[in-house]
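A quick note: this is a predicted structure, and the numbers were derived from the prediction, not measured. Just the heavy atoms: all of them, side chains too, but no hydrogens, waters or symmetry mates, feed the values below.
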Amino acid sequence: ISSMRFPGDSTVLGGPAGDGKIIYPLGVKEITDKISNDEVVKRLKLVVKTYMDMDQDSEEEKQQYLALALHLASEFFLRNPNKDVRLLVACCLADIFRIYAPEAPYTSHDKLKEIFLFITRQLKGLEDTKSPQFNRYFYLLENLAWVKSYNICFELEDCNEIFIQLFKTLFSVINNSHNQKVQMHMLDLMSSIIMEGDGVTQELLDTILINLIPAHKNLNKQAYDLAKTLLKRTVQTIETCIASFFNQVLVMGKSSVSDLSEHVFDLIQELFAIDPLLLVSVMPQLEFKLKSNDGEERLAVVKLLAKLFGAKDSELATQNRPLWQCFLGRFNDIHVPVRLECVKFASHSLMNHPDLAKDLTDFLKVRSHDPEEAIRHDVIVTIINAGKKDLNLVNDQLLGFVRERMLDKRWRVRKEAMMGLAQLYKKYCLHHEAGKESALKISWIKDKLLHIYYQNSIDDKLLVEKIFAQNMVPHSLETEEKMKCLYYLYACLDTNAVKALNEMWKCQNMLRGLVRELLDLHKLPTSEANTSAMFGKLMTIAKNLPDPGKAQDFMKKFNQVLGEDEKLRLQLEQLISPTCSCKQAEQCVREITRKLTFPKQPTNPFLEMVKFLLERIAPVHIDSEAISALVKLLNKSVEGTADDDDEGVTPDTAIRAGLELLKVLSFTHPTAFHSAETYESLLQCLKMEDDKVAEAAIQIFRNTGQKIETELPQIRSTLIPILHQKAKRGTPHQAKQAVHCIHAIFHNKEVQLAQIFEPLSRSLNADVPEQLITPLVSLGHISMLAPDQFASPMKSIVANFIVKDLLMNDRSVGNKNGRLWTADDEVSPEVLAKVHAIKLLVRWLLGMKNNQSKSANSTLRLLSAMLVSEGDLTEQKKISKSDMSRLRLAAGSAIMKLAQEPCYHEIITPEQFQLCGLVINDECYQVRQIFAQKLHVALVKLLLPLEYMAVFALCAKDPVKERRAHARQCLLKNISVRREYIKQNPMAHEYVVPYMIHLLAHDPDLTKPQDLEQLRDVKECLWFMLEVLMTKNENNSHSFLRKMVENIKQTKDVQAPDDPKANEKLYIVCDVALFVIANKSTSCHLDSPKDPVLPSNFFTPPDKDFINDKEYLSPEAKLVLQTGKIQQTGVLGAVNKPLTVAVRRPYIKTTTSDTGSNASTNSQPNSPATNKSRLLLFRISLLFFQCDVDFIQCSTQIDLFFDGTENSVSSNPSAGSQPPANKPRRGRPPKNAAGVATPDKEAGATTGGGVGRGRKRAAPAQDPDSTASADPIGVKTPKQQKEAEPKRATPQRQIDLQR
């Protein structure tokens, strides 16, 4: 049926109706206002039926009932109060429009408008589907939709009013009780109006769009669906109208065009979800809005686009690349909420659109370093959420961002990163939810998580422990599964992660020990000493809990509860008992927690703190059953029946790691090992060929076997011969452990050790050094563990063999490749034997712990001689450079080891201390590295006196940045430890300054005290230490430092009290120190809190008649120290090139033959000094421990050679601690020296010369006209400078920069 139109100007259609007479259908009486409503309804029903039966072809009937049609549109019907009457009239009118189509019988525009508004009002009856009249309403709707009756309104000027009313009516009546047909007819009716009209007005568009905004959408879901379907159907027509609306609101800012202007972003989101084609013209407008100057407006657009781009099936990013790129730019927006919103969006994008991950990665990288904590946090959440959904959604780079954030400065960010990675590890590596490939992709997580245990923050450590217990080795697993998880985890960890895990168990065990000691104190009678001891334990425990300040208060409260509740003490005792099982531990924790829960509170910080403590001390992983399970796994690996390959490790790796794991646990849980089954398995491991496995097994016996002799005699009888064999012919490490094992677990240890000592002491043969190492190790440890029994027999061994045959003889010629260091397996057996001989001497002395025989004096002189000779004690030039480095390291380490024993520290002279300290400036990188680490470990354990901390000041001269950084970290750690340990004396660590000043005053580099470059080096060394000490001005420590240095200037150097040059050096270093302190502190001039006490073995007591107020620094020197720049100084050359320093006088260049190797021969073969020193050492070798001469007598004679003769090592009293010019101290590499060796060259290549022996600073003067290829020139002391012209300088030592 075609759409209807107006009939033109004609008033009637002709025929019988022309006279205005109304003809009613047969049987229908006249309908007037005179009859009742019921009668009207009755008669109208017949009229409705008549019109229903008519069609367009009934021309006669159309003419016949035309007057009736006009009558039905009268005021009587259109305004009738009866709704039934109105409904029937509406049905009639709808049929009339159908029948008379295409020309309507009504000619007046006003009448038509009135009719259509009337019909529209009747459509409200569609709302009640249960109404008896619903079918008539449906018929009305169907008729209107079918005929498209409303299209006739297009000719009306105010048709929009009709359409708006119609749309509002339909959207308001639609509900979930309507069937599909009702919705279809509504859609047909509305879509015909939209598609066949000239356009959609804003008001009409609003009636559609209002159903999409969230408030209306939630109220009437059916209206939303209707609007959604209508828009889909009319997309081609309505799109331009929508574009016009958004253009006015977004671009032109005309918010008054519509009441929906404030909902534009909600509408865009809904329209995009309905059909992206609806917004084809709108998207470019959003790009414009993204660049708005208003941050809140950008935020709103970003929120919108985040939803559009992140929607599951959205292809917007692909279809509209310019908008996508513009959106990505908002990741760098200056407005924090905008960046935050972008990061949140990334999570949905990664999960719904993996193809966009590449675009997002670079922007997430930048945001992972955002200054805002919340943004960094959300970057982690974004990546982890995507990874938890599917690991393939996040690439390695994204996971790398999370890994970096584990070291974030903010705890919240670190925690999120660590927990997120832990969850990924548990899901994909532990539960294997995505196969082996995914597990392999994130296998690094376990290592990186454990590395965090190295951080100083207690929060980090506690979180690592929690992650380990919940995600890496879940304590909730059954014992067998749990131990299998731990067994293979330990085998797969890297070295640093293994150390961290071991440290974790060590810390937990230490905390258990503290709690155990606290409970023991509760058993003692109350006293002041007991209370003080308890307080100390509580403070130490609190340091191992989060927020130590609050923890102290909570631990005091917990201690009070323990004192009052005996049952609670018993529960805690059971928890930390060595025999407590994992299940018992969980039960104890629950019981203790339950007792502390009352009274119940929403938040109980006290209970939370106690939980932290209980979690750290509860043995949730290891007990006897767990150790047994581990041993069974180890047995399977040995037998080859384990799943090693499936777990990604080889059987050998699994066995070795398994033994190492058991060894670590034997320290923390020794009681859990005590079973015949466990020891039988360990005995099998002792018989294996793998040296490391056997060594670990011996150590486990040593740690856990105290009851073997009394309770397991069969194990004892099998173990003893194996230990004897390992002590005699095993590896050095096995021998050490075997001796210690025998000493630890057997009652008749003296007999057992004697059975090892006697055959070994008889079989020593220096001609076969390969077979010497294990016996030397065993003998050394035996003499240390049982000094009363073996100290005396060792004397003859030391005299006749160790010194005379081994140390004083070079039987073989070393490899002359010029390298300063070689791998352990390339060291010659003879040198290894000498190194172990030095260790034997130290162990022997440490066992005796007295110097009654003066053996220690002689040993110290021997070690000093080895340092002076740079490791070549005989100076026969047979030994290689790398072997000399090994011996220097051994000698320096030996002196440092002896200094840890008070009785030997007292006899170490300042000269010997300086020689030992200078090892930290050795020319060989590895010597410096290993020595510094040994020094740090001894200091941090408080084993060494404070003066040894001063040695770290010399690290300022190290040419390798990483070594200087490491030394600074060591200083920080040591000072932190000492501050904590000696709280009652807060100035204790400042007393390192006098030792440092004395050491620097005797630095062999300080040859010309007024030399500006040397002064600058002194300042560097001083500031290296003072920077750490002056970080805080606690208790006015800056003024204390100043006072201390001023006091030193009023004393003299004990080493050379009458030598003006030596004392001048001391005072110059003091002036540099005062200059540094004054320049770095504004409060150093205040009064000192107390008067410093200077060490008497380094400085003389102050003389009342001596007042030293002289300033030793020139104005030029102060300027250099202030600016760090030396004026009129030649430009420094590049690495491996000779340097020219204008302030120094050039020396004669060396020839190619003098510098042909990586490290020079360091002395002139035919010089008198060399022959003299060689003669000295030869005489020592004859006197030192002669075959049948008692050690004590020998040492007395040797003292003559080391004390006061003209051949003495310190024979030049005027030089203070400096060696004589013809026998200078060993060199150290400078930071900007000639002939610098790169790591590659250190490995094998030989280039350039080295600093002559005893010369540490390698920037010698050189003729400015010399070429860059000229050989480096040796640095001379002032005494040597006089002879520099006629004599050829010794070549410089190669500098080792190996990393």
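- The nearest pair of heavy atoms linking L845 to S855 is CD2-CB, 3.9 Å.
- Of all heavy-atom pairs between A950 and V992, the closest is N-CG2, 3.3 Å.
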Practice problem: Run the numbers on L785 and R843 for side-chain contact (heavy atoms from CB on, under 4.5 Å), then give the verdict. | Solution: CA-CA 9 Å; L785 293 172; R843 288 167 185 150; over 6 Å; no
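- Taking 4.0 Å as the cut-off between side-chain N and carboxylate O, E1020 and K957 do not count as a salt-bridged pair.
- The heavy-atom pair separating F790 from S783 by the smallest distance is CB-CA, 4.3 Å.
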Quiz item: Between F468 and Y453, does a ring-ring contact (aromatic ring centres under 6.0 Å, His included) hold up when you go through it step by step?
Solution: CA-CA 11 Å; F468 181 81; Y453 209 78; 9.8 Å; no
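- A salt bridge does not link D494 with K499: none of the charged nitrogens is closer than 4.0 Å to a carboxylate oxygen.
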Quiz prompt | Derivation and outcome, side chain to side chain donor-acceptor pair (under 3.5 Å), residues E947 and H905 | solution = CA-CA 11 Å; E947 63 208 65; H905 168 251; 3.1 Å; yes
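- With N530 contributing its side chain and L521 its backbone, the two residues share a donor-acceptor pair below 3.5 Å.
- Between the side chain of Q1055 and the main chain of F1098, no donor-acceptor pair closer than 3.5 Å is present.
- Q900 places none of its side-chain heavy atoms less than 4.5 Å from the side chain of K941.
- Remark: the backbone N or O of A890 is not paired with any side-chain donor or acceptor of S893 at under 3.5 angstrom.
- The main-chain N or O of L972 is never found under 3.5 Å from a side-chain atom of S976 such that the two would form a donor-acceptor pair.
- Within the 4.5 Å cutoff, no side-chain heavy atoms of I458 are placed close to those of K543.
- For S532 (side chain) and A529 (main-chain N/O), no donor-acceptor pair under 3.5 Å exists by modelled atom type.
- Across I920 and A932, no two heavy atoms sit closer than the pair CD1-CB, 4.0 Å.
- Nearest approach of K849 to Y904, heavy atoms of both residues: N-OH, 3.4 Å.
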Exercise. Take H781 and V777 through the test side-chain contact (heavy atoms from CB on, under 4.5 Å) and record every step on the way to the result.
Key: CA-CA 6 Å; H781 282 282; V777 171; 3.7 Å; yes
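- For H743, there are no side chain to side chain donor-acceptor pair (under 3.5 Å) partners two or more places apart in sequence or in a different chain.
- Here the side chains of L999 and D1003 are not in contact, with every heavy-atom distance at 4.5 Å or above.
- Partners of K934 under the side chain to side chain donor-acceptor pair (under 3.5 Å) rule, at least two apart in sequence or in another chain, do not exist in this structure.
- Remark: K897 NZ is loosely packed, at most 12 non-hydrogen atoms of other residues, nucleotides or ligands lying under 6.0 Å away.
- The side-chain heavy atoms of I1048 and P994, taken from C-beta on, include a pair separated by under 4.5 Å.
- Between I617 and Q508 there is no side-chain heavy-atom pair separated by less than 4.5 Å.
- Judged by distance alone, the side chain of R516 and the main-chain N or O of I576 form a donor-acceptor pair under 3.5 Å.
- Rounded to the nearest 0.5 Å, atoms CG (L511) and CD (E615) are 12.0 Å apart.
- Between atom CD of residue E517 and atom OG1 of residue T540 there is a gap of 9.0 Å, rounded to the nearest 0.5 Å.
- The six-membered or imidazole ring of F913 lies near that of Y948, with a centre-to-centre distance under 6.0 Å.
- In the model, N974 has a side-chain atom that pairs as donor or acceptor with a side-chain atom of H936 under 3.5 Å.
- Atoms CD1 and CE, on I452 and M418 in that order, are 5.5 Å from each other to the nearest 0.5 Å.
- To the nearest 0.5 Å, the span separating CG on N921 from SG on C1021 amounts to 7.5 Å.
- Within the model, atoms CD of Q699 and CD of E660 stand 8.0 Å from one another, a figure rounded to the nearest 0.5 Å.
- Surrounding NE2 of H733 are at most 12 heavy atoms belonging to other residues, nucleotides or ligands under 6.0 Å away.
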Self-check item: Intermediate values then yes/no, side-chain contact (heavy atoms from CB on, under 4.5 Å), L939 and R978
Solution: CA-CA 9 Å; L939 282 169; R978 287 174 187 269; 3.4 Å; yes
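- Contact check for M609 versus P546: side-chain heavy atoms found under the 4.5 Å cut-off.
- Annotation: side chain of V842 is not in contact with side chain of I895 (no heavy-atom distance under 4.5 Å).
- When all heavy atoms of A672 and I627 are compared, the pair lying nearest together is CB-CG1, 3.6 Å.
- With sequence neighbours excluded, the residues satisfying side chain to side chain donor-acceptor pair (under 3.5 Å) with D460 are R414.
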Quiz item: Would E1027 and R968 satisfy salt bridge (Lys or Arg N to Asp or Glu O under 4.0 Å), going step by step from the backbone distance to the final call?
Solution: CA-CA 9 Å; E1027 182 186 13; R968 189 176 187 280; 3.5 Å; yes
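- For F673 and F701, the gap between ring centers reaches or exceeds 6.0 Å.
- H669 and N509 share no side-chain donor-acceptor pair at under 3.5 Å.
- Put simply, the side chain of T668 never gets that close to the backbone of K506: no donor and acceptor are under 3.5 Å apart.
- Judged purely by atom type and a 3.5 angstrom limit, Q737 has no side-chain atom pairing as donor or acceptor with the backbone of Q734.
- Using a distance-only test at 3.5 Å, with no hydrogens or angles considered, a donor-acceptor pair links the side chain of H1038 to the main chain of M1030.
- At a cut-off of 3.5 Å, with distance as the only test, no side-chain donor of E503 or Y454 sits close to an acceptor on the other residue.
- Contact of the V664 side chain with the L501 side chain is not registered, since no non-hydrogen atoms from C-beta on lie closer than 4.5 Å.
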Exercise. Kindly determine whether D520 and K537 satisfy salt bridge (Lys or Arg N to Asp or Glu O under 4.0 Å), including the steps that lead there.
Key: CA-CA 11 Å; D520 290 341; K537 299 297 178 190; over 6 Å; no
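- Ring-plane geometry between W505 and Y490 is classed as parallel, the angle between the planes falling under 30 degrees on a 0 to 90 degree scale with a further cut at 60.
- Here the NE2 atom belonging to H966 is positioned 7.0 Å from the CZ atom belonging to F952, to the nearest 0.5 angstrom.
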Self-check item: CA sep, side-chain torsions, deciding dist, call: N544, L613, side-chain contact (heavy atoms from CB on, under 4.5 Å)
Solution: CA-CA 8 Å; N544 291 277; L613 174 63; over 6 Å; no
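- Put simply, the side chain of T731 never gets that close to the backbone of D691: no donor and acceptor are under 3.5 Å apart.
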